[in-house]
Amino acid sequence: MQSVRLNRARLTLESGRLSVEEVAAQVGLGDSATLRRLLRRRLGLTPTRIRG
């Protein structure tokens, strides 16, 4: 389930329309710190690199 949420978060961040906080809330990860931590651990990426 978490991998599905991370994939949705990655795709949403790539679109660049929402803030990291909004993306975290949208995919159900609670807060931006949790999203950032999981992206780094699972995908080796930060929100900035995903958007870049």
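Here the structure is a predicted model, which means the values were calculated and not measured.
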Q. Do Leu11 and Val20 belong together in a cluster built from hydrophobic side chains that touch within less than 4.5 Å?
A. no
Q: Find out whether Glu14 and Arg10 are in side-chain contact, i.e. whether some heavy atom of one side chain is under 4.5 Å from a heavy atom of the other.
A: yes
Q: Indicate whether the side chain of Arg42 and that of Gln2 have a donor and an acceptor atom separated by less than 3.5 Å.
A: yes
Q. Would a 4.5 Å heavy-atom cut-off, applied to side chains only, mark Leu29 and Val23 as touching?
A. no
Q) How about Val27 and Val4: do any of their side-chain heavy atoms sit closer than 4.5 Å? A) no
(Q) Are Thr12 and Gln26 packed together at the side-chain level, in the sense that at least one heavy-atom pair is separated by less than 4.5 angstrom? (A) yes
Q | Intermediate values then yes/no, side chain to side chain contact (heavy atoms under 4.5 Å, CB included), Leu13 and Leu39 | A | CA-CA 11 Å; Leu13 286 167; Leu39 286 171; 3.8 Å; yes
Q. Does Arg49 CZ have over 12 foreign heavy atoms under 6.0 Å away?
A. no
**Q.** Leu43 side, atom CG; Ser3 side, atom OG - distance, nearest 0.5 Å
**A.** 9.5 Å
Q: Verify whether one side chain among Ser32 and Arg36 offers a donor that lies under 3.5 Å from an acceptor in the other.
A: yes
